[in-house]
Amino acid sequence: MYLGILKETGTGESRVALLPESLKALVAQGIDVTVQSGAGSAAGGSDAAYAEAGATVTADRGAILENADVLPVVNALPAQEQGRLKPGAVMIGFLKPLDDPGALTMAIARKVTLFSMELVPRISRAQSMDALSSMATVAGYKAIVDAAGMLPRLFPMLMTAAGTIPPARVFVIGAGVAGLQAIATARRLGAVVEAYDVRAAAGEQVRSLGAKFLDVDLGGINTEGGGGYAAELTEGALDRGRDLITQTAGHTDVLVSTAQVPGRPAPKLIRRAAIEAMRPGSVLVDLAAPGGGNCELTKPGITQIMRGVTLMAPLNLPAAVPVDASKLYARNILNFLGLIVKQGVLHVDLTDEVLAGACVAHEGNPANPRVAKLLEEAETAQ
Ligand code: NAD
């Protein structure tokens, strides 16, 4: 069995799907691992380290594409490269099947089996494969560190002979995995932290990190979707959150927003008025930018300065911490591979709940009903 590790080609992408340290278990099973030269160079995996771990390192990307039985990736390959894969090969990664299913049609037509790390079900058996949580953890941390670097103030309270400096005030919207990591990081740096989430269950977690949870009376509506995710709210309920955010923004130095509802555009929660209420020098990091952003002024991928407030809308913050982001991702991938590769032999059993949940396409057909519907709609629209 051939397993290929390619250098990612996306703009700004510096992560790699598997690191040298991940290869031991694969090579021990007799799997032939081939790595494109330079694949891990930004992520702490030199060619020499891959070779030492038992891989073949080559500059011939085409050979890897054409021979691989299993291709773990960070991002989906471009269409023309999908067309070079072997029928029956398996590609696993952040394939964006619900955001951009059309980008996978070539691989589907080529009868490549596609597994999406975004669709791994949130059940306890699959926790070690939860790459979304791994990346959200990195992004939450980095958002605070970047904001602290931009802020013209200090985070901790300082009592010095020259007087006292008050602590920075951080406000986190959305207390999921990224939000909780942002809260923990901001607390470690000494900031005073407030947080808001529509899920009441988030309150306890926020308080356990030493932050204040801001409660909004949403009239007892159900705010919980499946798998710990939030449900989509009515405009009325969203408005109550928007009011709270505008009020809180006035005394906030750093606002990190992470609110998302799976499969939907990010809810617009931060009005222009909230940004106008922030003091000059304060910073917003809109981590929901890949889904359009939580702020109505957000331009995904672009940093703006408005009335002295810096609005950051990073599209791929985990790639700014490639070594540890790749370490976590590689472990998630390796655990996933454990479900489809047994004693060096590839065996895809779609009766397994995790594989069935994560499978986007198999043997030329979309395996996920939501993806199938989206592809059908796209075809009819043409
Ligand atoms: P996410 O990235 O989908 O969303 C981030 C946060 O935004 C969520 O907490 C959500 O409630 C919040 N949000 C959505 N709409 C909002 C609005 N209008 N206003 C304010 N906040 C809003 O979520 P996530 O980070 O992936 O995690 C969500 C939950 O799932 C967390 O409690 C997490 O601990 C849990 N989780 C469970 C598992 C598991 O069971 N295996 C794995 C990972 C995470």
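Start at 1 with the first residue, then count along the sequence. Heavy atoms only: backbone and side chains are in, while hydrogens, waters and symmetry mates are out. The structure presented is a predicted model; accordingly, all values stated were derived computationally and were not measured.
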Peer 1: Under 3.5 Å, which donor-acceptor pairs do the side chains of residues 147-162 form with other protein atoms, sequence neighbours left out?
Peer 2:
from	atom 1	to	atom 2	distance (Å)
Thr160	OG1	Ala162	N	2.9
Thr160	OG1	Gly163	N	3.3
Thr160	OG1	Gly163	O	3.0

Peer 1: I want to check something: taking the side chain as every heavy atom from C-beta on, are Asn365 and Ile108 in contact at a cut-off of under 4.5 Å?
Peer 2: no
Peer 1: Contact between Leu317 and Pro314 at the side-chain level, heavy atoms closer than 4.5 Å - yes or no?
Peer 2: yes
Peer 1: Do Arg15 and Asn75 have side-chain N/O donor and acceptor atoms under 3.5 Å apart?
Peer 2: no
Peer 1: With Asp197, which residues qualify under side-chain hydrogen bond (donor to acceptor under 3.5 Å, both in side chains), at least two apart?
Peer 2: none
Peer 1: For the pair Lys268 (side chain) and Gly292 (backbone), establish whether a donor and an acceptor sit closer than 3.5 Å, ignoring hydrogens and angles.
Peer 2: yes
Peer 1: Give the C-alpha distance, both sets of side-chain angles, the deciding distance and a yes or no for side chain to side chain contact (heavy atoms under 4.5 Å, CB included) between Ile5 and Tyr50.
Peer 2: CA-CA 10 Å; Ile5 303 171; Tyr50 280 109; 4.3 Å; yes
Peer 1: Take atom CD of Glu52 as the centre, draw a 6.0 Å sphere, and report whether it contains more than 12 heavy atoms from other residues, nucleotides or ligands.
Peer 2: no
Peer 1: Look at Glu66 together with Arg84 and state whether they make a salt bridge at an N to O cut-off of under 4.0 Å.
Peer 2: yes
Peer 1: Any chance the rings of Phe94 and Tyr329 have centres within less than 6.0 Å?
Peer 2: yes
Peer 1: Under a 4.0 Å threshold between the charged nitrogen and the carboxylate oxygen, would Arg125 count as salt-bridged to Asp352?
Peer 2: yes
Peer 1: Please assess Arg271 against Asp239 for the test salt bridge (Lys or Arg N to Asp or Glu O under 4.0 Å), listing each intermediate value before the final yes or no.
Peer 2: CA-CA 10 Å; Arg271 299 181 180 124; Asp239 258 340; 3.1 Å; yes
Peer 1: For Glu13 and Lys7, what are the C-alpha separation, side-chain angles and deciding distance, and is it a salt bridge (Lys or Arg N to Asp or Glu O under 4.0 Å)?
Peer 2: CA-CA 9 Å; Glu13 188 54 81; Lys7 186 167 174 59; over 6 Å; no
Peer 1: Identify the two heavy atoms, one from Asn294 and one from Pro267, that lie closest to each other, and give their separation to 0.1 Å.
Peer 2: ND2-O, 2.8 Å
Peer 1: Do Thr58 and Asp60 get their side chains close enough for a donor-acceptor pair, meaning under 3.5 Å?
Peer 2: no
Peer 1: Do Leu339 and Val354 come close enough that some side-chain heavy atom pair is under 4.5 Å?
Peer 2: yes
Peer 1: Is there a side chain to side chain contact (heavy atoms under 4.5 Å, CB included) between Leu355 and Phe115 once you walk through the steps?
Peer 2: CA-CA 8 Å; Leu355 294 182; Phe115 289 110; 4.1 Å; yes
Peer 1: Leu233 vs Thr223, test: side chain to side chain contact (heavy atoms under 4.5 Å, CB included). Steps then yes/no.
Peer 2: CA-CA 7 Å; Leu233 301 189; Thr223 55; 4.0 Å; yes
Peer 1: Can you list the steps and then say if Arg240 with Asp243 is a salt bridge (Lys or Arg N to Asp or Glu O under 4.0 Å)?
Peer 2: CA-CA 5 Å; Arg240 294 195 195 184; Asp243 291 344; over 6 Å; no
Peer 1: Does atom NZ of Lys86 have more than 12 heavy-atom neighbours from other groups under 6.0 Å away?
Peer 2: yes
Peer 1: Hey, does the side chain of Arg110 reach the backbone of Leu85 with a donor-acceptor pair shorter than 3.5 angstrom?
Peer 2: yes
Peer 1: Look at Lys142 together with Asp146 and state whether they make a salt bridge at an N to O cut-off of under 4.0 Å.
Peer 2: yes
Peer 1: Apply side-chain hydrogen bond (donor to acceptor under 3.5 Å, both in side chains) to Arg279 and list each qualifying residue two or more places apart in sequence or on a separate chain.
Peer 2: Asp253
Peer 1: Stepwise, does the side chain to side chain contact (heavy atoms under 4.5 Å, CB included) test hold for Glu81 with Arg61?
Peer 2: CA-CA 10 Å; Glu81 291 195 335; Arg61 183 177 175 90; 2.8 Å; yes
Peer 1: Using a strict threshold of under 4.0 Å (side-chain N to carboxylate O), is an ion pair present between Arg199 and Glu204?
Peer 2: no
